[in-house]
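Start at 1 with the first residue, then count along the sequence. These figures come from a predicted structure and were not determined experimentally.
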Amino acid sequence: MGILSRASYVVRSKLNALLNRAEDPTESLDYSYEQMRDELQDVKQGIADLTTQKKRLEIQKRKLEENVEKHNRQAREAVQQDRDDLARKALEKKKSKMTQIEELEGQIAELNDTQEQLVEKKNKLQNRIEEFRTKKETMKARYEAAEASSRVSEAMTGVGDEMADVSRSIERAEERTEEMEARSEAMNELEESGAFEDALSDKDEIDRELEGLSSSREVDSELETLKGELGKGEPASDDGEGSTDEEIDDELADLESEIDGDDLEADLEGDADAGEEIDVELEESEADADKQQN
């Protein structure tokens, strides 16, 4: 197959597929029905024209028949007047007219036969058109019912073009939602882990750890204070008092060794609340130590 033949075949196949998609069976049936009605109208018009032609020949035949009678009378009168020459002429004209009448009768007979055939074809075509009209309406009803059923089935199963678009939209929305949820969880996890530094804060990781230790000591100190008020503490003794003082002194020494002097001043200046919490802790620790010694 040559290039041109292949190209022609491809073009025709594409056009055929396009026409199949664009074709509406109901419209095709209506168009075929209209075509058949046009053909029937053409047949009726042909019969009418044929009948008109036949009537013209019949009129012409009647005129010739009248001329035959006229020439016959002329011949009789000529014979009565002993004018054989005139009688002969009249008879010759009569014979010519009779010949024309015979020809017209043959043509009229042929036209009559043709007319009968056309009338019979017209009746058959009209019957076919009526049958086709009934079948057409039946096929249109079946097609419309099948089309409606197909649309309902596609809507129920979600395989139609519009439902497919809806399904894809839902899938995209779900994917987007899951993506945003995962992103939100990741941000929360990173924020809790301290991976993100506050842009407006001058605290680093060491500052946050110190604040955590300070908060833990405040809770322990408040717990000890509450126990002392409720009398839930250990009985006072010399050894106990000594050990308690030593523990407090050790904690203060550890706290002072952990916090660098310069960093402590920067923290106190940058965060007044943190400094006040440390002072409160120191005061409460010393107060507890005085109480235990007394």
(request) List the atom of Leu29, the atom of Lys136, and the distance in Å for their closest heavy-atom pair. (result) O-CD, 3.4 Å
(request) State, yes or no, whether a side-chain contact exists between Lys70 and Arg73 at a heavy-atom distance under 4.5 Å. (result) yes
(request) Calculate, to the nearest 0.5 Å, the distance between atoms CD1 and CG belonging to Ile59 and Leu64 respectively. (result) 12.0 Å
(request) Keeping the roles fixed (side chain from Asn112, backbone from Ile108), state whether a donor-acceptor pair exists under 3.5 Å. (result) no
(message) Whether the side chain of Ser96 engages the backbone of Glu92 through a donor-acceptor N/O pair (distance < 3.5 Å, no angle test) should be reported.
(response) no
(message) Within the 4.5 Å heavy-atom criterion, are Lys140 and Asp30 side-chain neighbours or not?
(response) yes
(request) Starting at CE of Met36, measure out to CZ of Arg128 and round the result to the nearest 0.5 Å. (result) 5.0 Å
(request) For Ala75 and Ala90, work out which heavy atoms get closest and say how close. (result) N-CB, 3.6 Å
(request) Only counting residues at least two apart or in another chain, list the ones meeting salt bridge (Lys or Arg N to Asp or Glu O under 4.0 Å) with Glu179. (result) Arg176
(request) Ignoring hydrogens and angles, tell me if any N or O in the side chain of Asn72 forms a donor-acceptor pair with the backbone of Val68 under 3.5 Å. (result) no
(message) Can you tell me how far apart CD1 (Ile101) and CD (Gln60) are? Round to the nearest 0.5 Å.
(response) 10.0 Å
(message) When you compare the side chain of Thr177 with that of Glu174, does any pair of heavy atoms fall below 4.5 Å?
(response) no
(request) Verify, without hydrogens or angle tests, whether Thr52 (side chain) and Ala48 (backbone) share a donor-acceptor contact under 3.5 angstrom. (result) yes
(request) Write down the atom of Gln115, the atom of Leu50, and the distance for their closest heavy-atom approach. (result) N-CD2, 3.2 Å
(message) Tell me whether Glu58 is salt-bridged to Lys55, with the criterion being a basic N under 4.0 Å from an acidic carboxylate O.
(response) yes
(message) Starting from Leu91, can I reach Leu86 by hopping between I/L/V/M/F/W/Y residues whose side chains sit under 4.5 Å apart?
(response) no
(message) Can you list everything that forms a side chain to side chain donor-acceptor pair (under 3.5 Å) with Gln45? Sequence neighbours excluded, please.
(response) Asp49
(request) Applying salt bridge (Lys or Arg N to Asp or Glu O under 4.0 Å), name anything that partners Lys124, two or more places apart in sequence or on another chain. (result) Glu120
(request) Answer yes or no: does atom NZ of Lys93 have more than 12 heavy-atom neighbours from other residues, nucleotides or ligands under 6.0 Å? (result) no
(message) Could you measure the distance from the CD1 atom of Ile47 to the CG atom of Leu118? Nearest 0.5 Å is fine.
(response) 5.0 Å
(message) Ignoring hydrogens, what is the shortest heavy-atom contact between Ala87 and Ala78? Give both atom names and the distance.
(response) N-CB, 3.3 Å
(message) Nearest 0.5 Å, please: how far is NZ in Lys122 from CD1 in Ile129?
(response) 10.5 Å
(message) Given Lys61, which partner from the list Glu102, Glu105, Glu103 fulfils the salt bridge (Lys or Arg N to Asp or Glu O under 4.0 Å) test?
(response) Glu105
(message) Evaluate Tyr31 against Glu27 for side chain to side chain contact (heavy atoms under 4.5 Å, CB included), listing each step before the verdict.
(response) CA-CA 6 Å; Tyr31 179 75; Glu27 293 179 355; over 6 Å; no
(request) Kindly compute the distance separating CZ (Arg83) from NZ (Lys89), expressed to the nearest 0.5 Å. (result) 8.0 Å
(request) Spell out, as yes or no, whether a donor-acceptor pair under 3.5 Å connects the side chain of Ser149 to the backbone of Ala145. (result) no
